[in-house]
Q: 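Handing you this structure, nothing more for now.
Predicted, not measured: the structure shown is a model, and the values here were computed from it.
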Amino acid sequence: MLTYPDAELLGAGGELRTAAARVEHPAARGPIAEFLDWLLATAAIDAQREYVQTFDLRRRSGLYLTYYLHGDTRKRGMALLVLKQRYRAHGLRLADGELPDLLPVVLEFAAVAGPGDGEAPLRQHRQGLELLRAALTETGTPYRLLLDAVCAVLPDLTDDDRAAIAALAVDGPPVEAVGLDSIGAGPDLHLAPYPACSVEASR
């Protein structure tokens with residue numbers, strides 16, 4: 001549901017509702033069901049416009065998790081490599097040109113690998129998830145519901161987590177436009193200021 005809402009996705013409404021009803025965690029099941037109500041009642045062109053405006057035109061609400069922590073730096077390149085190696089060890093192969101930190105890919109890995117190893121990248125990039133969640137909440141997009149669902153099933157934030165998220169929300173990711181050309185980083189979009197991340201809103 002965090003991929004582009006093309007005809008195939010929109011045509012799978014029945015399957016999506018069936019899968020959503022099987023989600024055991026009530027704090028995740030509710031937001032997913034609410035999101036599906038919006039998605040399946042919205043004209044395709046409007047859903048597609050919402051997706052593009054939310055994820056493709058705003059860097060602060062991009063779906064690439066390593067960007068939030070590492071920015072366009074060489075550390076991000078290393079983080080992407082570590083993710084690729086983790087996926088490879090579990091038999092998950094990326095599509096051509098697909099970066100391993102794309103949130104739908106990270107979630108797919110969590111589903112394939114299961115608790116523990118599968119959820120490790122989500123826990124490691126919790127700061128990015130919470131910043132993305134804050135940005136989506138600020139704009140009011142229905143996609144915020146999916147981030148609410150993801151964060152609901154992760155461990156509670158610690159005080160250190162909240163302090164780190166608040167600092168990153170103020171400072172933004174590091175800036176160093178080096179070392180990403182070889183791994184196909186996305187276009188240089190406008191970098192809007194990061195939203196203030198409310199500690200209360202994060203849980």
Q: Does any part of the side chain of Val105, heavy atoms only, come nearer than 4.5 Å to the side chain of Asp101, both counted from C-beta?
A: no

Q: Locate the shortest heavy-atom distance separating Leu83 from Pro121; write the atom from each residue and the value.
A: CD2-CB, 3.8 Å

Q: Work out which heavy atom in Gly128 is nearest to a heavy atom in Leu65; give both atom names and the distance.
A: C-CD2, 4.5 Å

Q: Which heavy atom of Ala44 sits nearest to which heavy atom of Leu10, and what is that distance?
A: CB-CD1, 3.5 Å

Q: Do Glu138 and Arg133 meet the salt-bridge criterion of a basic N to acidic O distance under 4.0 Å?
A: no

Q: Less than 6.0 Å separating the ring centroids of His125 and Tyr68?
A: no

Q: Mind checking side chain to side chain contact (heavy atoms under 4.5 Å, CB included) for Asp161 and listing every partner two or more places apart, or none if nothing turns up?
A: Leu157, Thr158

Q: Nearest 0.5 Å, what's the CZ-CG distance between Arg86 and Asp117?
A: 6.0 Å

Q: Any side-chain to backbone donor/acceptor pair from Arg58 onto Gln53? Under 3.5 Å, distance only.
A: yes

Q: How many angstroms lie between OG in Ser61 and CG in Leu147, if you round to the nearest 0.5 Å?
A: 10.0 Å

Q: Could you tell me whether the side chains of Arg144 and Thr137 share a donor-acceptor contact shorter than 3.5 Å?
A: no

Q: How about Val52 and Tyr4: do any of their side-chain heavy atoms sit closer than 4.5 Å?
A: yes

Q: For Tyr64, check ring pair (Phe, Tyr, Trp, His ring centres under 6.0 Å) against everything at least two apart and list the hits.
A: none

Q: Test side chain to side chain contact (heavy atoms under 4.5 Å, CB included) on Tyr87 and Val106; report intermediate values, then the result.
A: CA-CA 9 Å; Tyr87 295 168; Val106 178; 3.5 Å; yes

Q: Considering all heavy atoms of both residues, which atom of Glu130 and which atom of Cys151 are nearest to each other, and what is their separation?
A: OE2-SG, 3.5 Å

Q: Please name all residues satisfying side chain to side chain contact (heavy atoms under 4.5 Å, CB included) with Val23, sequence neighbours left out, ordered by chain then number.
A: Ala28, Arg29, Ile32

Q: Examine Leu57 and Leu103 and state if one hydrophobic cluster contains both, with Ile, Leu, Val, Met, Phe, Trp and Tyr joined whenever side-chain heavy atoms are less than 4.5 Å apart.
A: yes

Q: Taking the side chain as C-beta and beyond, is there a heavy-atom pair between Leu129 and Leu154 under 4.5 Å?
A: yes

Q: So, using salt bridge (Lys or Arg N to Asp or Glu O under 4.0 Å) as the criterion, who are the partners of Asp37 when residues are at least two apart?
A: Arg17

Q: Does Gln127 reach the main-chain N or O of Ile165 with its side chain, forming a donor-acceptor pair under 3.5 Å?
A: no

Q: Could you state the interatomic distance from CG (Leu36) to CG (Leu146), rounded to the nearest 0.5 Å?
A: 8.0 Å

Q: Quick one: does Leu99's side chain get under 4.5 Å of Thr66's, heavy atoms only?
A: no

Q: List for me each residue that meets side chain to side chain contact (heavy atoms under 4.5 Å, CB included) alongside Ala33, sequence neighbours excluded, and say none if there are none.
A: none

Q: Glu15: what forms a side chain to side chain contact (heavy atoms under 4.5 Å, CB included) with it, not counting sequence neighbours?
A: Ala12

Q: Which residues satisfy the ring pair (Phe, Tyr, Trp, His ring centres under 6.0 Å) test with His25, sequence neighbours excluded?
A: none

Q: So, taking the atom named CD in Glu34 and the one named CG in Leu39, what distance separates them when rounded to the nearest 0.5 Å?
A: 12.5 Å

Q: State which residues pass salt bridge (Lys or Arg N to Asp or Glu O under 4.0 Å) with Arg88; sequence neighbours excluded, sorted by chain then number.
A: none

Q: Can you name the residues that form a side chain to side chain donor-acceptor pair (under 3.5 Å) with Asp6, not counting sequence neighbours?
A: none

Q: Minimum heavy-atom separation for Pro5 to Gln48, with atom names?
A: O-NE2, 3.1 Å

Q: State, to 0.1 Å, how close Leu80 and Pro100 come at their nearest heavy-atom pair, and which atoms those are.
A: O-CG, 3.4 Å

Q: Not counting sequence neighbours, list each pair that qualifies as a ring-ring contact (aromatic ring centres under 6.0 Å, His included) and has a residue in residues 130-155.
A: Phe35-Tyr143, Trp38-Tyr143, Tyr51-Tyr143, Phe55-Tyr143

Q: What's the separation between atom CG in Leu102 and atom CG in Leu2, rounded to the nearest 0.5 Å?
A: 9.0 Å

Q: Quick one: salt bridge (Lys or Arg N to Asp or Glu O under 4.0 Å) partners of Asp160, sequence neighbours excluded?
A: none

Q: Excluding sequence neighbours, so at least two apart, what forms salt bridge (Lys or Arg N to Asp or Glu O under 4.0 Å) with Asp159?
A: Arg162

Q: What is the distance from atom CZ of Arg76 to atom NE2 of His70, rounded to the nearest 0.5 Å?
A: 9.5 Å

